[in-house]
Structure formats: structure tokens, C-alpha cells
There are 2 protein chains.
Amino acid sequence: MNLKDLSHHLGLSPTTVSRALNGYPEVSERTRARVHEAAERLGYAPSARAMGLATGRAMAIGHILPLSSEHEQVNPVFSDFIAGAGEVYSGAGYDLSLSVVRDEDETATYERIARRGTVDGVVLHGPRVDDPRIALLQRLGLPFVVHGRSSAVARDYDWIDVNNRRAFQRATDLLLDLGHRRIALLNGLSHMDFAARRLAGYQAALAARGLELPEDYVTSGEMTETYGHAEALRLLDRPDPPTAFLVASIIPALGLRRALEDRGLKMGRDISVVIHDDELSYFRNAGEVPAFSATRSSVRAAGRLCAEALLAAIAGERPKVQTLLEAELVLGLSTGPAPQ
Amino acid sequence: MNLKDLSHHLGLSPTTVSRALNGYPEVSERTRARVHEAAERLGYAPSARAMGLATGRAMAIGHILPLSSEHEQVNPVFSDFIAGAGEVYSGAGYDLSLSVVRDEDETATYERIARRGTVDGVVLHGPRVDDPRIALLQRLGLPFVVHGRSSAVARDYDWIDVNNRRAFQRATDLLLDLGHRRIALLNGLSHMDFAARRLAGYQAALAARGLELPEDYVTSGEMTETYGHAEALRLLDRPDPPTAFLVASIIPALGLRRALEDRGLKMGRDISVVIHDDELSYFRNAGEVPAFSATRSSVRAAGRLCAEALLAAIAGERPKVQTLLEAELVLGLSTGPAPQ
DNA sequence: CTTCACGCCCAAAGCGGTTTGGATTTTCCG
DNA sequence: CGGAAAATCCAAACCGCTTTGGGCGTGAAG
């Protein structure tokens with residue numbers, strides 16, 4: 001059932017049927033109702049391809065999921081982000097086109113996507129400190145919104161980010177106020193922008209109190225449970241182990257918890273922990289008193305915001321979205337005064 | 001840069017250029033080389049929409065991600081599955097179209113997708129014991145592969161599944177062999193097919209030894225960390241607590257571990273645990289001796305297999321893929337003889 | 001009674017590819 | 001060397017929709 005069939009069926013021209021369905025004013029309400037009824041009854045849905053070809057819009061948003069060959073993983077943060085963005089897309093009649101791509105093919109993929117016209121815009125995930133993709137996308141003229149920022153890129157672009165620096169500065173201050181002086185940071189991969197900003201916040205808080213800590217109190221890596229476990233063990237087994245940890249995600253924090261258990265230490269009493277909590281749907285850190293003290297910011301909400309911003313940009317409104325979300329600092333069971 | 005421009009540029013007809021690029025034999029190798037070179041140089045890529053319109057193929061596969069309104073979560077298993085499938089798609093030049101959809105809109109989405117022709121086929125996620133979507137897709141004539149099965153559906157369809165029943169029967173046997181008699185099962189949502197099959201395996205193993213256990217030794221729910229924690233606490237606090245747990249995923253098992261810690265119990269000594277390990281990239285249960293004893297089957301590999309099967313089906317090969325993957329049973333640190 | 005403005009609808013020209021059915025050369029062979 | 005076969009290439013139709021540029025009544029204004 002295509003437009004021609006339908007219009008023939010109705011004794012109308014394709015033009016009129018198309019206009020009726022798309023809400024153009026040149027068609028009487030009576031006809032419009034008839035057309036809608038028939039379309040519904042006959043199960044007519046316009047071909048997305050033909051529509052796209054005629055209008056020049058793909059009605060789809062691209063998300064590119066790079067898989068680095070070293071650490072072949074898909075960040076769990078990604079699924080919740082997608083869930084948030086996806087809701088917005090389906091509400092607006094947009095599709096979400098996902099490309100899983102090897103790191104090294106990533107720029108090629110952007111170029112191909114832009115030229116093939118499969119999407120009207122893209123969301124940029126996991127920006128590095130100095131991310132070449134921003135310039136690339138601007139060159140390609142493909143609308144985009146960055147989830148995060150790229151500190152070393154001077155250009156102007158739309159982004160939605162959490163105030164990572166402030167969050168980790170506050171978290172560090174909290175631990176310092178509790179009397180902790182040996183505070184370790186289990187950070188994300190160091191070339192990621194969010195990790196760099198968190199490190200900066202941590203360092204700023206320490207510097208403000210004139211503290212200096214061993215270099216390897218800061219670790220960076222892919223945020224797996226195993227990573228948290230291994231690095232925590234390493235640090236706990238030092239001659240001068242930390243009394244507190246900042247952890248970049250709840251997942252390595254679970255590994256940290258395992259490490260504490262291995263060493264017979266109790267979280268919140270022997271060792272304090274503050275995590276960054278993305279509110280992953282499978283790892284709720286909630287309840288009257290959450291298990292972990294945390295800087296909290298919903299990645300799903302960020303997904304929604306990115307999607308909305310991008311759709312607005314595509315619709316031609318150019319409001320330059322640069323939104324800094326503040327994470328809330330919530331106290332849970334994992335923090336307590338430093339043991340002396 | 002479209003085909004007309006390119007052909008004009010080359011002094012050839014669009015026909016010839018199209019054929020040259022698509023590998024048709026009616027064009028000389030010399031011309032083909034010239035065309036390819038020019039296309040490369042001028043950065044020509046055919047419009048996906050126009051191509052789709054002309055060929056009738058969308059070169060895209062749909063994945064529908066239903067979000068139930070009660071438990072608004074995105075299964076982490078999903079991201080790894082997608083990663084596996086996505087690799088295959090990009091290798092074959094296919095896009096992956098993801099629809100995030102409210103539960104109640106799911107059938108409507110399938111119908112719309114089928115009629116709009118945005119995809120050439122879909123992967124069915126999370127089949128229920130009796131899943132109406134299978135009949136729906138067959139009625140729509142949209143090629144599909146199910147990740148899992150739907151036990152109560154008598155029809156013939158393509159699927160890739162893990163032998164969940166056998167896996168959980170073996171895991172239960174392992175625990176029984178170790179002397180455990182009070183074995184709890186922290187299962188997934190009971191209407192999910194995989195959960196029903198795991199339950200059946202568990203029950204079969206118990207029945208084979210003439211064991212009967214309290215009804216609430218089996219729990220079902222969304223497989224979050226919190227779920228594992230809460231149910232484990234409830235069971236451990238019974239007058240006759242289990243000495244062993246079967247857990248449907250590593251994520252609730254982390255909650256279980258937290259519960260053990262809360263109660264001062266040691267996993268592998270006081271309480272034995274066997275999980276099902278999907279090999280989630282952020283929760284590796286590996287190493288010389290893995291932390292958890294597990295029935296192991298890579299969901300990422302399953303994603304690859306589903307994608308390959310679907311692409312084959314779309315290509316017209318109709319090999320009726322019904323693949324049962326056997327999970328391997330690996331011994332880790334979480335199991336030991338039952339304390340007496 | 002014109003004339004003009006609407007209101008309603010339509011024919012036809014794209015959008016950017018693929019594919020059918022020739023047309024024109026080349027090549028091959030007796 | 002002539003004719004058939006093979007090799008190349010092309011014009012035009014088509015995929016299913018949108019959109020431009022009218023056409024045709026009808027009622028109001030002049």
C-alpha cells in the first residue's frame with residue numbers, strides 16, 4: 001500500500017492525500033478526515049526512504065560507538081544514555097542509527113555517514129581532551145551535540161556536560177573535611193575529557209590545603225569491576241595506603257568493595273569512598289541512605305537533553321546549547337571520619 | 001556530489017558509473033578503475049535513501065528496545081549484544097536502527113517499522129515464555145531472528161539461544177555434588193523465557209535427587225545489584241538459610257556478595273555461589289581462577305551469531321537457524337563443599 | 001454582470017539512485 | 001573480408017514521496 005494506491009482508492013490525487021496527511025492547509029477538513037480514516041484502515045505508512053529522498057531529511061540521528069581494539073568494551077553508561085535519548089527520538093518520530101565501529105575507522109565512518117545522508121545529525125560520545133572529531137564534524141557540516149566537552153578544542157560547539165571538576169573538588173573537600181589526608185583517585189582513562197576534569201578538581205582541592213600525594217595515588221583505566229579491584233589492592237598494599245578513595249564510577253567501586261573485603265577492611269569505617277554515580281538503571285545507589293556517598297548526575301537525563309538539543313538544532317533553531325549540569329553530592333554509608 | 005555530477009564529470013552515463021561502482025560485468029576494467037578513482041577523489045558516496053528506494057532494501061537492521069514502565073531499565077546485556085551484532089553489520093555495510101519504545105507501543109512500532117520499510121529485518125530481544133511478537137513478525141513478513149526462544153510458541157522460527165536449562169541443571173548438580181542441600185535461585189523475571197528454562201533446569205536437578213525446597217527459595221526480578229542484595233539478605237535471614245545460591249547474572253551476584261559481607265559470611269567457604277556469566281565487558285569474571293564459579297556463555301558472541309543469521313536470511317539463504325549454544329561450566333573461588 | 005479572491009484539488013517535475021532494453025563498437029573466426 | 005558474437009555504453013523508466021505551479025468552481029466585491 002503506497003501513496004498512489006491509497007489516493008487511487010480514495011479517488012483523489014497523490015498530491016492531495018500527501019497534503020492531507022501532512023497537515024497542509026490546502027485541503028478541506030472533510031477530505032482530511034476521510035484520508036486519515038482510509039490510511040488508518042488500510043494500514044498505510046509512508047515509505048521512510050521515499051520521504052527522505054523527497055524531503056532531504058533522514059529523520060534519523062546517528063550515534064557512533066567506537067570500539068577500541070585494546071579495551072574492547074561497551075560502556076554501560078552508554079545504554080542508559082541511549083535509553084534517555086531514544087525516548088526523545090521516538091517521541092519526535094526520529095530513528096536512532098547506531099554504528100559500532102573500530103576506533104581507527106571512526107573518522108571514515110563520520111565522513112561516510114555524512115555523505116550517504118543516513119542521518120540528520122549525530123551525538124558525539126566520549127570526547128577526548130583534544131578531540132579531532134569536533135573539527136571533522138564542523139567541516140562536514142553535520143549537526144552534532146557533544147556529550148561532554150573537549151577542553152583543548154577552542155571552537156564553539158554545542159555540548160551537554162556534567163561539572164566534573166566541581167563535583168570531584170567537592171567530593172575531595174568532603175573527604176578532607178572528614179580528616180582524610182591520603183586520598184586516592186581511581187579515575188577513567190586519562191585521555192578522556194571527563195577524567196581530566198575530575199583529576200583537575202581533585203588536584204585543586206588538595207592544592208587548596210597544601211597537600212601533596214604520591215603520584216600513583218591517581219590511577220586511570222577503563223572503568224571495569226576488575227580495574228577497581230586490582231588498583232584498590234595495589235594501593236591498599238602500599239606501606240602508606242590511602243584512607244579514602246574517589247572512584248569514577250560505581251562499577252570499579254564494586255571492585256574496590258571486593259578488594260576491601262579481601263583485606264578485611266570495612267567501608268565507611270576503615271576506608272571512605274566517594275563515587276561518581278551516573279544513576280545506571282542496574283546499579284541504583286539509592287534508598288533512604290545510599291550505599292555509596294556520591295556525586296550524582298543522571299546519564300539518562302543527559303541523554304534526553306542531548307537529544308532535545310540536537311533535534312532543536314536540526315529544526316533550525318540555533319540556540320547554542322552549552323549546558324553544565326551540576327552533580328549533587330549525596331551522603332551514603334561509605335564515608336566516615338578518617339581513622340587516626 | 002551525486003551520481004549525475006560524477007558521471008558528467010567523467011563523461012560517462014549514470015548507468016555506466018552505477019554499474020562500475022557496483023561491480024557489474026558490463027563495464028570494462030579500465031573504465032571501472034577510472035570511475036573508482038574519481039569517486040574516491042571527489043568523495044562520492046551514494047545516497048543511502050536513493051539507493052534504498054531504487055533497490056527496495058534498507059541496508060539496515062532493527063533492534064527494538066522495550067522499556068517497561070514498571071522497571072525502566074536497559075539491560076547491560078544489551079550493550080554487549082549490540083556490540084557483537086554491530087561489528088557484523090558494519091562489516092556487511094548494514095546500519096543498525098535502534099528503537100527505544102514503551103512496552104505498550106511495541107507491536108505498533110513493529111508494524112510501523114515494517115510498513116515504513118526502514119529496516120530489512122529485526123532482532124527480537126528478551127522473548128517471553130509466550131511471546132506474541134513472533135506471530136506478529138511472521139504476519140508482517142519481516143525477517144527476524146530471536147535472541148533466545150519462546151517456549152510456548154509452536155511456530156517455526158530462527159533463534160539463537162543458550163542451553164539455559166542444561167546450564168542451570170549442571171550448576172545445580174555441581175552444588176549438590178558439593179554437598180549442598182539448601183540451594184536458592186535468584187532468577188530473572190519469571191515471564192522471561194530464559195528464566196523459565198533456568199528454573200526448569202534447577203528443578204530437574206533437585207527432582208533427580210528427590211529434593212524439595214521451600215517455594216521462596218526461588219525469587220525472580222529484574223537483575224539489578226539491589227535485587228541481588230535484597231533477596232540474598234531475605235534468604236540469609238531465614239531460620240533455614242540456603243548454603244548455596246544460583247544467580248542469573250553477575251550483577252545481582254555483586255549484590256549478593258554485598259549481602260554476604262553485611263552478614264559477615266565468606267563466599268566460597270560459608271556460602272557457595274554459581275552465576276550465569278554473560279561475559280559482560282565491564283564485569284570480566286576471568287583470570288586464572290575466576291572470582292565466581294559460573295555457567296559461561298558470551299552474549300557478544302551471541303550477538304554476532306544473530307546478526308550473521310539474520311543477514312543470511314535476508315540474503316535469501318533460508319537455512320533455518322536454530323542454534324543452541326552450550327554454556328561452559330567454569331569453577332571459580334565462589335564454590336566449596338557445604339558446611340555441615 | 002464582471003472581476004477577483006479563495007478554497008480545493010491536480011499534473012508533473014523533481015529527489016538520486018538502479019535496471020531494462022537497446023545501440024554502437026570491437027573482437028573473433030571461418 | 002563479412003557477419004556474428006561479445007564487449008561497452010547509454011536513454012529512459014521506475015522506486016514512492018513532496019512540492020511547485022497552476023486549474024476550476026464558488027461566493028463576495030465592485
Side-chain angles (χ1 to χ4, degrees), chain A residues 1-36 38-39 42-60 93-95 112-120 315, chain B residues 1-36 38-39 42-60 93-95 112-120 315:
Chain A
M1 172 63 52
N2 57 22
L3 186 73
K4 192 155 63 163
D5 298 343
L6 178 60
S7 62
H8 196 257
H9 193 90
L10 281 162
L12 289 171
S13 76
T15 310
T16 304
V17 175
S18 168
R19 285 182 164 154
L21 292 173
N22 292 316
Y24 282 72
E26 299 92 330
V27 47
S28 73
E29 282 313 317
R30 220 161 52 86
T31 318
R32 190 190 307 281
R34 250 182 77 215
V35 170
H36 268 119
L42 300 174
Y44 166 77
S47 148
R49 294 190 289 272
M51 222 164 127
L53 187 55
T55 60
R57 285 167 306 132
M59 295 304 281
Y94 273 75
D95 287 334
R112 207 173 42 81
I113 270 186
R115 287 203 296 253
R116 295 186 61 209
T118 43
V119 301
D120 299 318
Chain B
M1 172 63 52
N2 56 24
L3 208 164
K4 192 154 64 163
D5 298 345
L6 178 60
S7 63
H8 195 257
H9 192 91
L10 281 161
L12 289 170
S13 75
T15 308
T16 305
V17 175
S18 168
R19 284 181 163 154
L21 292 173
N22 292 316
Y24 283 72
E26 298 91 331
V27 47
S28 73
E29 281 314 316
R30 219 161 51 84
T31 320
R32 191 191 304 282
R34 250 184 76 217
V35 170
H36 268 120
L42 301 175
Y44 165 78
S47 148
R49 291 190 291 269
M51 223 164 128
L53 186 56
T55 60
R57 285 167 308 132
M59 295 304 280
Y94 274 76
D95 287 333
R112 206 171 43 80
I113 269 186
R115 286 204 297 253
R116 296 184 63 209
T118 42
V119 301
D120 299 321

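Here the structure is a predicted model, which means the values were calculated and not measured. These values consider heavy atoms only, across backbone and side chains, with no hydrogens, waters or symmetry-generated copies. A note on names: the letters A, B, ... follow the listed sequences, proteins ahead of strands, and every chain is numbered from 1.
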Given side chains that start at C-beta, do those of A/Leu21 and A/Tyr44 come closer than 4.5 Å, heavy atoms only?
yes
To the closest 0.5 Å, what do you measure between CZ (A/Arg116) and CE (B/Met51)?
6.5 Å
State which of D/dT8, D/dT18, C/dG16 makes the closest approach to the side chain of B/Ser28.
D/dT8
Would you mind classifying the nucleic acid contact of A/Arg19 as base, sugar-phosphate or nothing, using non-hydrogen atoms under 4.0 angstrom?
base
Which heavy atom in A/Arg49 sits nearest to a heavy atom in B/Ala58, and how many Å separate them?
NH1-CB, 3.4 Å
Short side-chain to backbone donor-acceptor contact, A/Ser18 and A/Pro14, under 3.5 Å
no
Using whole Å, what does the distance between atom P of nucleotide C/dG14 and atom NZ of B/Lys4 come to?
8 Å
Taking the axis from the first five pairs and the axis from the last five, what angle separates them in the helix from C/dC1-D/dG30 to C/dG30-D/dC1, rounded to 10 degrees?
50°
Respond yes when some side-chain nitrogen or oxygen of B/Tyr24 is under 4.0 Å from OP1 or OP2 of C/dT19, and no when none is.
yes
Side chain of B/Asn22: nearest nucleotide among C/dT18, C/dT20, D/dC9?
C/dT18
Quick check for you: among C/dC8, D/dT19, D/dC9, whose closest atom lies nearest to any side-chain atom of A/Ser18?
D/dT19
Below 4.0 Å: OP1/OP2 of C/dG16 and any side-chain N or O of B/Tyr44
no
CG (A/Leu12) and CZ (A/Arg19) are apart, to the nearest 0.5 Å, by 12.5 Å
Assuming nearest nucleotide by heavy-atom distance, tell me which of B/Val27 and A/Ser47 is located more 5' along DNA chain D.
B/Val27
Regarding the side chain of A/Asn2, the nearest nucleotide among C/dG17, D/dG16, C/dC9 is D/dG16
B/Leu12 CG to D/dT8 P: how many Å, rounded?
13 Å
From C-beta outward on A/Ala50, which listed nucleotide comes closest to its side chain: D/dC17, C/dC9, C/dG17?
D/dC17
Look at the side chain of B/Glu26 and decide which nucleotide, out of C/dT18, D/dC9, C/dC8, has an atom nearest to it.
D/dC9
Of the non-hydrogen atoms in A/Gly56 and A/Asp120, which two are nearest, and what is the gap between them?
O-OD1, 4.5 Å
Using a cut-off of 4.0 Å on non-hydrogen atoms, how would the nucleic acid contact of B/Gly11 be classed: base, sugar-phosphate, or nothing?
sugar-phosphate
Can you tell me how far C1' of D/dA11 sits from NE2 of B/His8, to the nearest Å?
15 Å
Need to verify one output field. Residue with the more 5' nearest nucleotide on DNA chain D, A/Thr55 or B/Ser13?
B/Ser13
On DNA chain C, compare the nucleotides closest to B/Thr16 and B/Leu53; which residue's is nearer the 5' end?
B/Leu53
May I have the distance from A/Arg116 (atom CZ) to C/dC15 (atom C1'), rounded to whole angstrom?
17 Å
Least distance between heavy atoms, A/Arg32 atom then A/Pro25 atom:
NH2-CA, 4.1 Å
Rounded to whole Å, CE of A/Met59 lies from P of C/dC15 at a distance of 21 Å
When you measure from the side chain of B/Arg34 to the backbone of B/Leu10, do you find a donor-acceptor pair of N or O atoms at a distance under 3.5 Å?
yes
Measuring from the side chain of A/Thr15 (C-beta onward, heavy atoms only), which nucleotide among D/dC10, C/dA12, C/dG16 has the closest atom?
C/dA12
For the pair made of CG in A/Leu3 and P in D/dT18, what is the distance, rounded to whole Å?
7 Å
To the nearest angstrom, the CZ-P distance between A/Arg34 and C/dC9 comes to 8 Å
Protein-nucleotide distance (B/Arg32, atom CZ; D/dA7, atom P), rounded to Å
13 Å
